[in-house]
Visitor: 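Let me give you the structure first, and then I'll get to my questions.
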Amino acid sequence: MIRVPSAAPCQRRNLAVVLLSLTALPGMAFAQAERTQAVLNQGDAQKTLSLSQPAGSLEEVLTGLARQSGRDILFSSDQVRGRKAPAVKGRLTLDKALERALGGSGLSAHVQADGVVVIASAARGSNFRHDARDDRTGQEHITVIGRAERLAPSTVPLTITEPTSVIQKRFITNNIVPLASVDDIIKFQPSIWTQNPNGPGMGKAETMSLRGFQDGQYNMLFDGIPFGNASDLHHTTSSLFISHFLGEVQVNRGPGTASTIGNATFGGTIGFQSRTPAQHFGVTPYGTYGSFNTRAGGVEVDSGKTRFGSMVLDLQHEETDGYLTGSGERRNNLLFKDVAKLGEDTTLTLLTTYNWENQNTTQGATLQQYKKYGKNYGLCDNPTLQCYSGYQPSTYTADFDYIDIKSRVLSWLTIENRLYTNGFEHDYTESTDASSDDPGANGVTLYSASGKKLATYKNDVPGKYADAKFRDYGDTLTFKAHTSQGDVLLGAWADLQDDRRYTYAVDLSKNSMIVPGKNGSAYSYDISDFNTTVQPYLEFDWKPFKNTVIKPGIKYSYFRRDYDAAINKSTKVPLNATQKFSSWQPSISANQIILPGWSAYGQIARGFLAPPMSVFQTQNVGNVSPETTLNYQIGTVVQQKRWTLSFDAYYINFSNFIASAQIKVPGFGTQSTSVNSGGAIYKGLEVEGQYALGHGVSLYGNYSVNDAQYKHSSVRVAATPNVLASFGILYDDNKGPYASLIGKFVGNHYGLDSTTDSAGNTVFANQYRIGSTTTADLALGWHFKKLGGFMRDVTPSLKIANLFNNRAISDFAGNQSAASAGYPDGAPLYWRLAGRSVFFNLTVTLP
């Protein structure tokens with residue numbers, strides 16, 4: 001995260017300046033210096049100033065010098081963490097004052113073309129300049145600067161080429177519970193809609209939507225590596241990274257440039273960056289206690305600089321009953337990261353994460369059940385019914401591991417290679433319909449191997465055992481060549497994904513006894529799946545004029561699915577099939593700095609997404625084609641001393657849009673399948689802004705109008721709220737109290753947009769309208785820099801989610817499997833907002 005003390009006297013919280021995130025500095029350091037050298041020898045840097053800054057941490061000294069000199073000074077919090085600086089007093093020029101403050105730190109000061117002072121590694125010399133590229137991820141990795149903006153839910157960079165919001169570490173620390181999952185971190189962003197009916201950070205999110213694109217239709221990265229479930233690229237949020245493991249999150253609402261890797265980039269990219277190890281040794285215990293009998297504790301250990309690099313080990317354990325009845329959860333999380341310098345120009349990074357979670361899985365509830373059992377109904381406590389919580393245990397296990405080496409091999413060439421593996425397993429038992437509280441829906445029938453009926457137990461609870469697991473092996477390779485006209489990026493991503501999943505019927509009333517069906521087998525499906533992805537790309541970051549960047553590029557996407565089912569889902573017959581999908585994806589984007597603090601950008605890009613696994617499971621896969629899109633976006637960003645404002649408009653033309661439809665499968669009830677729905681148009685407007693009132697107080701807001709309709713109709717794409725908005729007030733004085741009150745508005749939407757009639761034909765029509773909802777979250781806390789002589793960075797805080805306890809219906813959850821009175825396709829199920837929750841958190845760093 002970049003930090004900048006406000007330079008103007010009496011306005012140190014009001015500055016909003018744009019600069020690259022200094023996590024991109026390794027790539028910037030080797031750029032050719034086609035611009036004027038930016039060392040401190042310009043303008044008022046040579047004016048003599050009367051300074052009186054006492055000794056302290058380097059961050060405090062730089063903050064003081066910025067305030068006293070009236071200059072903007074930018075630096076990375078990771079760079080200065082744990083460093084000390086001497087007193088700077090007397091009549092000195094700013095360059096001399098900074099030279100004294102930075103003495104022995106290995107850092108130096110540089111002035112950019114816009115007059116902003118940047119603190120960077122002294123080894124970078126005069127070749128340091130602005131660069132909009134994070135070499136590791138291929139994303140725009142730029143962070144808006146300014147204390148007020150660091151506190152906001154997101155900040156908007158000035159040099160972007162697509163709509164981008166950055167969630168910085170300061171906001172995550174101040175406003176998000178340490179145990180929270182990724183859905184809770186991103187929920188305030190423009191055009192983002194997430195919901196977790198079991199409470200913030202508890203269980204998995206049932207909805208994660210970006211501009212109406214559902215999970216699996218947009219890209220997710222962890223430290224620049226794409227990841228997603230083998231079946232349809234979705235993500236089980238509770239098995240991912242907790243907020244305490246993250247340093248920054250970046251939401252790109254667009255397809256990115258050619259170097260943006262991933263299988264579903266056209267819907268946007270959400271990139272998570274792991275935390276950076278501290279520069280000095282420290283042990284940081286942290287804990288949470290609060291609503292729903294939630295208890296969580298963890299410890300972070302930072303090694304500081306050692307001969308083996310800078311390392312961080314972070315461990316957490318959490319237990320909760322959850323908001324929904326019967327939906328308890330236990331979770332363990334681990335992160336280890338080591339960053340080692342192998343030479344002046346070479347860095348080696350090792351990272352591993354491990355996540356284990358056990359929970360009772362809910363499927364939603366009918367309106368009648370909410371009325372009968374209460375608004376927090378999830379599962380029941382009656383073992384004679386299918387809704388019994390003891391019949392729904394799920395265990396999720398996930399890991400993510402990589403080795404990254406990055407080196408400047410020549411003065412003009414940087415190479416980075418990352419070898420990785422990640423795995424996921426979902427091991428679970430569940431009743432045939434966990435939402436059913438009707439004893440008439442029970443009944444288990446056993447058959448012999450020849451299909452002869454052996455016995456029927458009318459009161460027994462039917463269910464299944466299932467196991468789904470996959471492992472990815474992959475590599476990303478990037479070459480970045482610096483030229484006088486711009487940077488050339490050449491690279492490739494390759495990924496192999498081995499997937500295995502099966503399920504068989506059991507009698508839950510008889511200790512999960514295996515139950516053979518009419519075909520003599522207990523298996524509902526038994527599938528092996530192997531996926532191959534290759535994406536080479538070429539991109540040129542061309543700078544033809546001052547303050548102008550044009551990024552033409554081309555990417556080739558190849559995806560192959562080798563599908564081998566001994567028993568295929570739904571059809572119940574063997575299937576061995578291979579499908580290959582490929583596409584050229586050209587793109588061009590540009591950014592122009594019109595005036596200082598004002599930029600405009602535009603983008604045109606083609607998108608591609610191979611069909612999900614489900615198309616193999618109900619019909620001939622050849623009947624479903626890949627999705628393709630053509631994305632158009634324009635936008636502008638304004639950054640002033642006291643306010644920031646961004647605005648963008650987008651238009652996305654879909655072809656072969658793959659939609660979800662409900663079908664009846666004899667003996668298995670209503671199930672979802674995938675169909676091509678012809679085409680759809682996504683379009684919308686997004687605005688985001690912040691105003692710094694002063695004295696540590698700022699206002700923040702964003703507003704998004706998102707429209708998605710099928711072509712030649714008025715049918716809206718399901719789960720696409722027509723309006724999304726966030727609004728709030730935030731306060732922080734940096735060394736003491738902080739507070740925020742942030743609201744989220746979600747407009748109306750529909751649960752379904754298509755179904756299948758009795759003849760098997762797809763019929764498009766909106767069903768199950770969900771009304772708008774508004775919630776608000778409150779955070780209060782206090783930063784104590786030192787306490788008791790042996791503790792530092794002590795932070796007690798209180799986080800209240802859904803402050804006004806709104807428990808309205810928030811989303812459609814599907815249909816019950818069995819038909820019921822008035823519902824031949826099964827009664828509709830819904831999710832509600834989780835009720836108010838209060839969590840007390842405490843973080844302490846020793847020594």
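Residues take their numbers from the sequence shown, with the count starting at 1.
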Visitor: Between Asn748 and Arg716, is there a side-chain heavy-atom distance shorter than 4.5 Å?
Guide: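 They are in side-chain contact.
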Visitor: If only side-chain N and O atoms count, and only distance matters, is there a donor-acceptor pair under 3.5 Å linking Ser209 with Thr207?
Guide: no
Visitor: Could you tell me whether the side chain of Asp215 and the main chain of His234 form a donor-acceptor pair under 3.5 Å?
Guide: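 Judged by distance alone, no pair lies under 3.5 Å.
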Visitor: Compute whether any side-chain donor of one residue and acceptor of the other, for Ser810 and Thr773, lie under 3.5 angstrom apart.
Guide: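 The criterion, which ignores hydrogens and geometry beyond distance, is not satisfied for Thr773 and Ser810.
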Visitor: Under the rule for side-chain hydrogen bond (donor to acceptor under 3.5 Å, both in side chains), what residues qualify as partners of Ser327, not counting sequence neighbours?
Guide: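 Counting only residues at least two positions away or on another chain, Ser327 forms no side-chain hydrogen bond (donor to acceptor under 3.5 Å, both in side chains).
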Visitor: Arg769 and Tyr750: which non-hydrogen atoms are nearest, and at how many Å?
Guide: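 Closest approach of Arg769 to Tyr750: CB-CE2, 3.5 Å.
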Visitor: Is the centre of the Phe241 ring less than 6.0 Å from the centre of the Phe222 ring?
Guide: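 Between Phe222 and Phe241, which both carry aromatic rings, the centre distance is below 6.0 Å.
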Visitor: Partners of Glu319 by side-chain hydrogen bond (donor to acceptor under 3.5 Å, both in side chains), sequence neighbours excluded?
Guide: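 Only Arg295, His317 meet the side-chain hydrogen bond (donor to acceptor under 3.5 Å, both in side chains) criterion with Glu319.
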Visitor: Suppose the criterion is ring-ring contact (aromatic ring centres under 6.0 Å, His included): which pairs have a residue in residues 449-470, not counting sequence neighbours?
Guide: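 The answer is Phe424-Phe470, Tyr465-Tyr504.
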Visitor: Salt bridge check: are Asp526 and Arg500 linked by an N-O gap of less than 4.0 Å?
Guide: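 Answer for the salt bridge query: yes.
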Visitor: Would a 4.5 Å heavy-atom cut-off, applied to side chains only, mark Asp507 and Pro462 as touching?
Guide: no
Visitor: Are any side-chain N or O atoms of Asp495 and backbone N or O atoms of Gly474, one a donor and one an acceptor, separated by less than 3.5 Å?
Guide: no
Visitor: Just say parallel, tilted or perpendicular for the rings of Phe400 and Tyr420, cut-offs at 30° and 60°.
Guide: parallel
Visitor: To the nearest 0.5 Å, how far apart are CG in Asn519 and OH in Tyr447?
Guide: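 Going from the CG atom of Asn519 to the OH atom of Tyr447 covers 10.5 Å.
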Visitor: Which heavy atom of Ala441 sits nearest to which heavy atom of Ser436, and what is that distance?
Guide: CB-OG, 3.6 Å
Visitor: Let me confirm one number: the CG-CD1 distance from Leu575 to Ile527, rounded to the nearest 0.5 Å.
Guide: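 The CG atom of Leu575 sits 9.0 Å away from the CD1 atom of Ile527.
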Visitor: Please identify each residue that fulfils salt bridge (Lys or Arg N to Asp or Glu O under 4.0 Å) with Asp498, with sequence neighbours left out.
Guide: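 Counting only residues at least two positions away or on another chain, Asp498 forms no salt bridge (Lys or Arg N to Asp or Glu O under 4.0 Å).
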Visitor: For Asp399, give me all partners under salt bridge (Lys or Arg N to Asp or Glu O under 4.0 Å), at least two apart in sequence or on another chain.
Guide: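 Counting only residues at least two positions away or on another chain, Asp399 forms a salt bridge (Lys or Arg N to Asp or Glu O under 4.0 Å) with Arg471.
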Visitor: Please name the pair of heavy atoms, one in Ile242 and one in Leu246, separated by the smallest distance, quoted to 0.1 Å.
Guide: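 For Ile242 and Leu246, the tightest heavy-atom pair comes out as O-CG, 3.8 Å.
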Visitor: Taking Ala718's backbone N and O only, do any of them form a donor-acceptor pair with Asp753's side chain (distance below 3.5 Å, no angle check)?
Guide: yes
Visitor: Quick one: list whatever passes side-chain hydrogen bond (donor to acceptor under 3.5 Å, both in side chains) with Gln392, sequence neighbours left out.
Guide: Ser431
Visitor: Which residues pass the side-chain hydrogen bond (donor to acceptor under 3.5 Å, both in side chains) test with Gln497, not counting sequence neighbours?
Guide: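 side-chain hydrogen bond (donor to acceptor under 3.5 Å, both in side chains) check on Gln497 returns Asp472, Asn531.
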Visitor: Given 3.5 Å as the limit, does a donor-acceptor pair link the side chain of Asn802 with the main chain of Ala834, or not?
Guide: yes
Visitor: Any side-chain heavy atom of Met220 within less than 4.5 Å of one from Met208?
Guide: yes
Visitor: Which pair of heavy atoms, one from Leu210 and one from Gly267, lies closest together, and at what distance?
Guide: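 Taking Leu210 first and Gly267 second, the nearest heavy atoms are CD2-O, 3.3 Å.
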Visitor: Provide the full list of salt bridge (charged side-chain N to carboxylate O under 4.0 Å, His left out) pairs with a residue in residues 439-448, sequence neighbours left out, each pair given once.
Guide: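 Listed once each, the pairs would be none.
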Visitor: Report yes if the side chains of Glu206 and Asn198 come closer than 4.5 Å at any heavy-atom pair, otherwise no.
Guide: no
Visitor: Would Met513 and Leu446 satisfy side-chain contact (heavy atoms from CB on, under 4.5 Å), going step by step from the backbone distance to the final call?
Guide: CA-CA 10 Å; Met513 178 184 71; Leu446 276 69; 3.8 Å; yes
Visitor: CD of Gln816 to CD of Gln369: how many Å apart, nearest 0.5 Å?
Guide: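 Between atom CD of Gln816 and atom CD of Gln369 there are 5.5 Å.
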Visitor: Measuring only between side-chain heavy atoms, which start at C-beta, is Gln579 closer than 4.5 Å to Phe559?
Guide: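 Side chain of Gln579 against side chain of Phe559, heavy atoms only: no contact under 4.5 Å found.
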Visitor: Could you work out, with salt bridge (Lys or Arg N to Asp or Glu O under 4.0 Å) as the rule, every residue matching Arg561, not counting sequence neighbours?
Guide: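 Scan of Arg561 (salt bridge (Lys or Arg N to Asp or Glu O under 4.0 Å), adjacent residues dropped) gives Asp529.
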Visitor: How long is the gap from CH2 on Trp831 to CD1 on Ile770, to the nearest 0.5 Å?
Guide: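 It comes to 12.5 Å.
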Visitor: Under the criterion side-chain hydrogen bond (donor to acceptor under 3.5 Å, both in side chains), which of Glu318, Gln316, Glu357 is the partner of Arg331?
Guide: Glu318
Visitor: Do the side-chain N and O atoms of Ser389 and Asn360 include a donor-acceptor pair separated by under 3.5 angstrom?
Guide: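 Asn360 and Ser389 do not have a side-chain donor-acceptor pair below 3.5 Å.
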Visitor: Rounded to the nearest 0.5 Å, what's the gap from OG1 on Thr432 to OH on Tyr391? Could you check?
Guide: 12.0 Å
Visitor: I need the Asp314 CG to Thr353 OG1 distance, nearest 0.5 Å.
Guide: 11.5 Å
Visitor: Say whether, by atom type as modelled, one donor and one acceptor occur between the side chain of Ser181 and the main chain of Lys204 under 3.5 angstrom.
Guide: no
Visitor: Under 3.5 Å, side chain of Thr320 to main-chain N/O of Asn293, donor-acceptor pair present?
Guide: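 The answer is no, because no donor-acceptor pair under 3.5 Å joins these two groups.
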Visitor: Take Asn333 and Phe245 through the side-chain contact (heavy atoms from CB on, under 4.5 Å) test and state the conclusion after the steps.
Guide: CA-CA 9 Å; Asn333 305 92; Phe245 289 1; 3.6 Å; yes
Visitor: For residues 376-383, dump all side-chain donor-acceptor pairs below 3.5 Å to protein atoms at least two apart in sequence or in another chain.
Guide:
from, atom 1, to, atom 2, distance (Å)
Asn382, OD1, Thr384, N, 3.0
Asn382, OD1, Thr384, OG1, 2.7
Asn382, ND2, Thr384, OG1, 3.4

Visitor: Decide side-chain contact (heavy atoms from CB on, under 4.5 Å) for Thr366 and Leu829; before the verdict, give the C-alpha distance in whole Å, the side-chain angles of both, and the deciding distance to 0.1 Å.
Guide: CA-CA 5 Å; Thr366 67; Leu829 302 169; 3.6 Å; yes
Visitor: What residues form a salt bridge (Lys or Arg N to Asp or Glu O under 4.0 Å) with Lys510, not counting sequence neighbours?
Guide: Asp460
Visitor: Describe, in one word, how the ring planes of His426 and Tyr428 are oriented to each other, choosing from parallel (under 30°), tilted (30 to 60°) and perpendicular (over 60°).
Guide: parallel
Visitor: Filter on salt bridge (charged side-chain N to carboxylate O under 4.0 Å, His left out), then keep only pairs touching residues 424-433, sequence neighbours left out; what's left?
Guide: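 Counting only pairs at least two positions apart or across chains, the salt bridge (charged side-chain N to carboxylate O under 4.0 Å, His left out) contacts touching residues 424-433 are Glu430-Lys464.
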Visitor: Passes side-chain contact (heavy atoms from CB on, under 4.5 Å), Lys375 versus Leu833? Steps please.
Guide: CA-CA 9 Å; Lys375 294 181 178 180; Leu833 295 172; over 6 Å; no
Visitor: Using only heavy-atom distances, determine whether the side chains of Asn196 and Tyr323 contain a donor-acceptor pair under 3.5 Å.
Guide: no
Visitor: Keeping the roles fixed (side chain from Glu329, backbone from Gly203), state whether a donor-acceptor pair exists under 3.5 Å.
Guide: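 Yes, the answer is positive, given that a donor and an acceptor are paired below the 3.5 Å cut-off.
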Visitor: Any side-chain heavy atom of Tyr370 sitting closer than 4.5 Å to one from Ile809?
Guide: yes
Visitor: Are Lys572 and Lys518 side-chain neighbours, meaning at least one heavy-atom pair lies under 4.5 Å?
Guide: no
Visitor: Between Phe812 and Tyr768, is the gap from one ring center to the other below 6.0 Å?
Guide: yes
Visitor: So does Ser274 get a backbone contact from the side chain of Asp223, meaning a donor-acceptor N/O pair under 3.5 Å?
Guide: yes
Visitor: With a 4.5 Å heavy-atom cut-off, do Leu179 and Thr294 have their side chains touching?
Guide: yes
